[in-house]
There are 2 protein chains.
Amino acid sequence: MQGRVAAKLDQEIAMPRRAPTQQRSRERVERMLAAAAALIAEQGSDAMRMGEVAERAGVSIGSLYQFFPDKRAIVWALAERYTAESQACISAALKDVSDAEGLKQAFSELVDIYYGMFLAEPVMRDIWSGTQADKALRELELADSRANARFLVAVLKRLRPGADTVAMETAALLVWQMGEAVMRLAISVDREEGDRLVAAYKRMALRELVEG
Amino acid sequence: MQGRVAAKLDQEIAMPRRAPTQQRSRERVERMLAAAAALIAEQGSDAMRMGEVAERAGVSIGSLYQFFPDKRAIVWALAERYTAESQACISAALKDVSDAEGLKQAFSELVDIYYGMFLAEPVMRDIWSGTQADKALRELELADSRANARFLVAVLKRLRPGADTVAMETAALLVWQMGEAVMRLAISVDREEGDRLVAAYKRMALRELVEG
DNA sequence: TTGCAAACATGAGGATTACTCATATTAAGA
DNA sequence: TCTTAATATGAGTAATCCTCATGTTTGCAA
């Protein structure tokens with residue numbers, strides 16, 4: 001992304017400049033996000049132009065900047081929604097796992113769901129592909145991975161009560177971040193190889209999680 | 001990165017617009033790359049300004065564009081040098097490996113060297129952190145991973161002559177790309193956790209490579 | 001109902017920056 | 001020495017993010 005924006009060396013977390021309080025403005029903010037998502041789906045977030053977002057949302061450029069301090073903040077807001085959704089999903093899937101077989105099943109399903117989302121959701125794919133270049137997004141992804149790792153650690157503690165907690169936390173975080181990397185890789189090669197890579201990752205991660 | 005450049009939807013591979021043939025211009029190109037590297041080390045490649053690169057290299061902005069079609073091309077040229085260097089290093093380290101113990105030792109050393117480079121080389125760190133956002137760089141990294149994976153596969157074939165080649169290739173590529181991801185993660189958390197993550201990755205990858 | 005403050009809306013314009021191009025200069029071969 | 005291709009220059013172009021002065025609407029208390 002972004003000329004001016006990137007020049008700012010202090011990449012502070014991008015938050016809404018002003019939270020919309022009225023019904024009218026809340027709807028307008030929704031339209032802005034929807035327009036941004038559509039444009040990202042069409043051309044990618046780098047090619048997304050603020051003027052185009054405003055136009056498509058039916059608002060002025062000024063209104064856009066009333067609620068989003070800069071371009072990154074829009075992408076961040078979309079990313080945050082995705083992480084919130086997926087965290088809920090992951091938490092639910094792992095909540096009741098109590099044995100190795102259950103973990104295998106749940107983890108395998110989660111990976112498939114994630115892979116499917118990466119394949120099908122251009123917006124998500126674009127955002128998480130560009131993650132590494134943006135500090136705020138990188139931090140969001142890391143926080144997300146840590147949260148997901150905690151769900152995994154909870155399961156692991158039930159499976160292997162005796163094992164070292166720090167080692168478990170390390171393994172869980174590793175497994176999760178590797179997963180993100182594998183997804184990015186898998187969607188950038190042809191489908192067949194992508195499938196193989198995801199399957200291999202699944203096997204590898206499960207071995208690590210189950211056997212320690 | 002960057003306004004105009006990013007807007008170009010056809011992200012063709014960035015190659016020197018004109019190869020310097022005279023001694024004079026070759027030296028100037030070297031100065032440009034050195035200036036770019038210095039600026040990236042200081043502020044990161046996003047904050048690197050073309051005008052600043054030219055000024056620091058002691059050339060005009062026009063000369064810069066004589067040899068590099070755009071900003072990405074400069075970063076790409078630097079990245080390419082790093083991959084060429086590291087590939088030579090990896091090839092050498094794996095060339096004479098013939099048993100599991102040797103693989104463990106060689107792989108472990110390579111990971112340590114890589115990790116050390118990520119920690120110590122701000123330019124390399126910056127470039128590979130931003131990799132995902134730039135198609136040309138992503139392709140370079142993938143090509144690099146594939147090349148390195150081939151070295152690994154050669155070793156694996158010696159270790160386990162009977163095993164499935166495609167599975168080996170998948171595992172090797174996976175291990176390598178995961179390694180890149182782990183390095184990026186490791187340098188973005190505190191040193192202690194980073195060390196733990198790298199160690200866990202090493203163990204995990206070796207188990208996959210040795211045991212299949 | 002009315003008045004008022006705060007929230008919201010607007011878009012022309014400022015500022016930055018990647019990149020071009022017409023022109024001038026230098027090197028290399030005939 | 002002459003000619004041509006390579007190289008050098010930097011003021012100017014275009015694209016785009018973001019600001020801000022000004023106008024409008026909403027919620028609410030008197």
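So that the names make sense, note that chain A is the first sequence line, chain B the second, and so on, each numbered from 1.
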* Asked: With a 4.0 Å cut-off, would you call B:Lys135 and B:Glu141 a salt bridge?
  -> no
Practice problem: Using a strict cut-off of less than 4.0 Å between a Lys/Arg side-chain nitrogen and an Asp/Glu carboxylate oxygen, indicate whether B:Arg81 and B:Glu121 qualify as a salt bridge. | Solution: no
Separation of C:dA7 atom P from A:Arg26 atom CZ, nearest Å, is 14 Å
Please report the C-alpha distance between B:Gln87 and B:Asn148 in whole Å, then the side-chain angles of each, then the deciding distance to 0.1 Å, and finally whether the side-chain hydrogen bond (donor to acceptor under 3.5 Å, both in side chains) criterion is met. CA-CA 7 Å; B:Gln87 257 185 52; B:Asn148 294 333; 4.8 Å; no
- Task: Kindly say if A:Arg49 contacts the phosphate of D:dC17, meaning a side-chain N or O under 4.0 Å from OP1 or OP2.
- Result: yes
Worksheet entry | Pair A:Arg191 + A:Asp195, salt bridge at N-O below 4.0 Å | yes
> Is any side-chain nitrogen or oxygen of A:Tyr65 closer than 4.0 Å to OP1 or OP2 of D:dT19?
Replying inline: no
Protein-proximity profile, nucleotides 2-11 of chain D, B/S/- by nucleotide at the 4.0 Å heavy-atom cutoff, equals ----SBBBBB
Whole-Å distance, A:Glu27 CD to D:dT26 P, equals 12 Å
Contacts of A:Arg24 meeting salt bridge (charged side-chain N to carboxylate O under 4.0 Å, His left out) (sequence neighbours excluded), chain-then-number -> none
Rounded to whole Å, the CD-P distance (A:Glu55 to C:dT10) equals 13 Å
A:Lys71 atom NZ is separated from D:dT19 atom C1', nearest whole Å, by 18 Å
Could you tell me whether B:Gln105 atom CD has more than 12 heavy atoms of other residues or ligands within 6.0 Å of it? no
Rounded to whole Å, the CG-P distance (A:Asp70 to D:dC18) equals 5 Å
Between CG of B:Asp46 and P of C:dT17 the distance, given in whole Å, is 12 Å
